[in-house]
Amino acid sequence: MASQQKRGMFIVFEGLDRSGKSTQVELLRQELIRESGSDTSTVTMKFPDRTTPIGQIIDSYLQQQTSLDDQAIHLLFSANRWEDASDIMSHLESGVTVIVDRYAFSGVAFSLQKGFSYEWCQSPDRGLPAPDLILFLDINPEVAGSRGGYGDERYEQKKVQKSVLEAFSCVKNEVIKEGYKWVDIDASQGVNQVKDAVLKAVREAASQVNGPVRQLWA
Ligand code: FDM
Ligand code: MG
């Protein structure tokens, strides 16, 4: 019997700055590689991807070296995901698990808190590869801010982080209604407890991965 290779799972981490996303992305990558016994079973990506030409414009905006209209930066963040969309698809189709640090849900949340509508915020991301699981690392901005403090980048202020947290809560409600799998993880716990909660959510969602990769908001 010909064995058909299972497609890879697409996992998105979301959360405020200092919620521990990059640590947890790396821990999950190591665990999935260990379980599969193959270094090439899992790849990680991060948005914004500051290495591309569009990513460099975004980087300069975040470092407050340039200013851009809110609409323009929103579209650039989305374009930055589209630059990597075909890579994500080819990994998934060849059976590789893809873990990303931020995705379209950050895109929507950060612009939602500037006053744009949900529909306007999500429209440029329609049709991107849709994740099988969104893990939201839930943390109070006060606790996050006390973890070594925020830096000097745009949005790295408690006031902004608070309104982004509220925006994420709207995004969560919409995304769940739309049928995507969103799991809140208490990110105020210790690193290993968060890691265990992440693994539990990933194992549960992995058993439900079937069929082709969906198109986000399409
Ligand atoms: N950010 C990130 C957005 O405003 N829109 C987006 O689409 C994405 C992916 O960029 F403040 C914001 C979130 C954060 C900043 O992200 C840089 P990192 O994860 O801190 O590098
Ligand atoms: Mg940051």
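Ligands are counted one by one from 1 in listed order, and the atoms in each one are counted from 1 as well.
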For [atom], the protein heavy atom that lies nearest, with its residue and separation:
{"atom": "atom 19 (O) of ligand 1", "answer": "Arg102 NE, 2.7 Å"}
{"atom": "atom 20 (O) of ligand 1", "answer": "Asp17 OD1, 3.1 Å"}
{"atom": "atom 2 (C) of ligand 1", "answer": "Phe77 CE2, 3.5 Å"}
{"atom": "atom 4 (O) of ligand 1", "answer": "Phe110 CB, 3.2 Å"}

> Pick from Val25, Val98, Leu28, Asp132: which one makes a side-chain contact (heavy atoms from CB on, under 4.5 Å) with Ile11?
Replying inline: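 Single pass found, and it is Leu28.
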
>> Need the atom name: nearest N/O/S atom of Asp17 to the Mg ion (ligand 2).
In response: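 Relative to the Mg ion (ligand 2), the closest nitrogen, oxygen or sulfur of Asp17 carries the name OD1.
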
Is any NZ, NE, NH1 or NH2 atom of the basic residue among [X] and [Y] found under 4.0 Å from an Asp or Glu carboxylate oxygen of the other?
{"X": "Arg29", "Y": "Asp39", "answer": "no"}
{"X": "Glu26", "Y": "Lys195", "answer": "no"}
{"X": "Lys21", "Y": "Glu14", "answer": "no"}

Mark up the atoms of ligand 1 that fall under 4.0 Å of a heavy atom belonging to [X], in ascending order.
{"X": "Lys46", "answer": "18 (P), 19 (O), 21 (O)"}
{"X": "Leu62", "answer": "10 (O), 15 (C), 17 (C)"}
{"X": "Pro48", "answer": "2 (C), 9 (C), 16 (O), 17 (C)"}

Ligand 1 contact by [X], heavy-atom criterion under 4.0 angstrom:
{"X": "Lys21", "value": "no"}
{"X": "Glu156", "value": "no"}
{"X": "Arg81", "value": "yes"}

> Backbone N or O of Arg102 within a donor-acceptor pair of the Ser106 side chain at under 3.5 Å?
Replying inline: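 Here the side-chain-to-backbone pair does not exist.
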
> Taking the side chain from Asn80 and the backbone from Ile54, do they hold a donor-acceptor pair closer than 3.5 Å?
Replying inline: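 Not confirmed, Asn80 side chain does not pair with Ile54 backbone.
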
>> Using every non-hydrogen atom in the two residues, find where Ser117 and Leu112 come nearest and quote the distance to one decimal.
In response: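 Heavy atoms only, the tightest pair is C-CD1, 3.9 Å.
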
>> Which label fits Tyr103 and Phe47: parallel for a plane angle under 30°, tilted from 30 to 60°, or perpendicular past 60°?
In response: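 Taking Phe47 first and then Tyr103, their aromatic rings sit tilted (interplane angle of 30° to 60°).
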
